[in-house]
Amino acid sequence: MQKKLFIPGPVDVTQDVLEKMATPMIGHRSKEASALQRGISDKLRKVFNTKEEILLSTSSGSGLMEGAIRSCTAKRAAVFSVGAFGNRWYEMATSNNVPADKFEVEWGTPTTPELVDEVLSTGKYDLITITHNETSTGIMNPVEEIAEVMKKYPEVVYCLDTVSSMGGTKIEVDKIGVDICITSSQKAFALPPGMSMCSMSQKAVERAKTVPFRGSYFDLLSLYEYIQKKDYQYPSTPSLSHMFALDYQLDKMLAEGLDNRYKRHAECAGIVRSWAKENFDIFTKEGYLSNTLTVIKNTRNISVGDLNKKLGNRGYQISNGYGKIKESTFRIAHMAECSKEGVSELLGVIEEILGL
Ligand SMILES: Cc1ncc(COP(=O)(O)O)c(C=O)c1O
């Protein structure tokens, strides 16, 4: 049975978007491919609120994350972690022999501007990574406040993971001074997994030119230079099927109106949060709650596996907790094409199953 997905990616993809994946192929060295990919980058600039370049990658977001930290760290990276995906960025650095230190806070709490300031004031670092929306803990970090601190450190390249938030909440990449902002197709963009997108500032481009060993497939500088020279064609054969679907989905998102889309996400988040407070508790620190997913404290000690099995029989799926909070939390995503009616229906079914 096909289930309605309330997991934080992959999410439900509408039939018309799925059908775009079946568009007949074109040559990846054709004028049509250039026009398609150039058009996608232009539309993505509106979603990212950036005037900088956009890079498209046939990989999930992790590929661009690894590429960013490897391509743009000349001295040492400061990795700010608020959960599993921040930690992953640190592992990517160390396994690529990129000098890095990790600054991890207690799960459920944010990276504060004070911490960023304290770390950068040492002068040891020339790149930072921040997770905007930590999918393991439900934290949405205070990037506007962090932006104020970053103004003091213009030499530092700022990388932001917006894998589970871009497209679901407003992120003003240029205004908050982000140099490389990364996202994936399978979350708030409501596309199948397998594609990722990032912005790359001129500052990041110049930095990458000073880094001798940037790898190959995920060398962001080579992607950047290639699309400049070859009118938005890429060095390797991209997933053109994703390109067709992304182009179409971006038109739909812009037609919905980005502010309307963000409002819809915030409303769905509001419904799930008040339900969670009434029936369980929220794991994440108040004031830093994600608009695209809610991490709920399992205060009733229910078996989340059992609940999900019963939900599955009725055609729904939610997520258990992630990593070390697997048993003590569960997660409900409200992203992509979520609706107030859809989340209310899910919560009603959970109440029925649990007898709440
Ligand atoms: C916050 C965050 N960062 C990074 C990733 C990794 O992205 P991907 O699975 O697209 O490689 C995920 C995936 O769930 C995520 O939620």
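As the structure lists them, so they are numbered: ligands from 1, and atoms in each ligand from 1. All residue numbers in this chain count up from 1 along the given sequence.
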Closest protein heavy atom to [atom], given as residue, atom name and distance to 0.1 Å:
{"atom": "atom 3 (N) of ligand 1", "result": "Asp161 OD2, 2.6 Å"}
{"atom": "atom 7 (O) of ligand 1", "result": "Val163 CG1, 3.7 Å"}
{"atom": "atom 13 (C) of ligand 1", "result": "Lys187 NZ, 3.2 Å"}
{"atom": "atom 6 (C) of ligand 1", "result": "Ser62 OG, 3.5 Å"}
{"atom": "atom 12 (C) of ligand 1", "result": "Phe85 CE2, 3.3 Å"}

- [ ] State the atoms of ligand 1, each with its element, that fall below the 4.0 Å cut-off from a heavy-atom position in Gly61.
- [x]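 Going through ligand 1 atom by atom, the ones under 4.0 Å from Gly61 are 8 (P), 10 (O), 11 (O).
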Open item on the list: I need the atoms of ligand 1 closer than 4.0 Å to a non-hydrogen atom of Asn133, numbered in the order shown.
Closed with: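 This gives 1 (C) as the contact atoms.
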Could you say whether the N/O atoms of [X] and ligand 1 ever approach to under 3.5 Å?
{"X": "Glu134", "result": "no"}
{"X": "Met65", "result": "no"}
{"X": "Gln186", "result": "yes"}
{"X": "Ser60", "result": "yes"}
{"X": "Thr135", "result": "yes"}

TODO: Return the minimal non-hydrogen interatomic distance between Ala78 and Val119, and the atom names on each side.
DONE: CB-CG1, 3.9 Å
Task: Taking every non-hydrogen atom, the tightest pair across Ser71 and Val211 - done: O-CG2, 3.3 Å
Open item on the list: Does this structure show an ion pair linking Lys309 with Asp306, if we count only N-O contacts that are shorter than 4.0 Å?
Closed with: no
Task: N-O pairing of Glu267 and Lys263 below 4.0 Å - done: yes
Open item on the list: Would you call the rings of Tyr125 and Phe103 parallel, tilted or perpendicular, taking 30° and 60° as the class edges?
Closed with: perpendicular
TODO: Mind telling me whether Trp275 and Phe280 have parallel, tilted or perpendicular rings, with 30° and 60° as the class edges?
DONE: tilted
- [ ] Evaluate side-chain contact (heavy atoms from CB on, under 4.5 Å) for Lys43 paired with Leu246, printing each intermediate quantity in order.
- [x] CA-CA 10 Å; Lys43 289 170 201 173; Leu246 173 58; over 6 Å; no
Task: Aromatic ring proximity, centroids under 6.0 angstrom, Tyr158 and Tyr153 - done: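 No, the ring of Tyr153 stays outside the 6.0 Å limit from the ring of Tyr158, centre to centre.
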- [ ] Work out whether the distance between some heavy atom of His132 and some atom of ligand 1 is less than 4.0 Å.
- [x]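 Flag not set, His132 not near ligand 1.
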Task: Candidate pair Val173 and Glu52, rule side-chain contact (heavy atoms from CB on, under 4.5 Å), full reasoning - done: CA-CA 9 Å; Val173 168; Glu52 303 283 1; over 6 Å; no
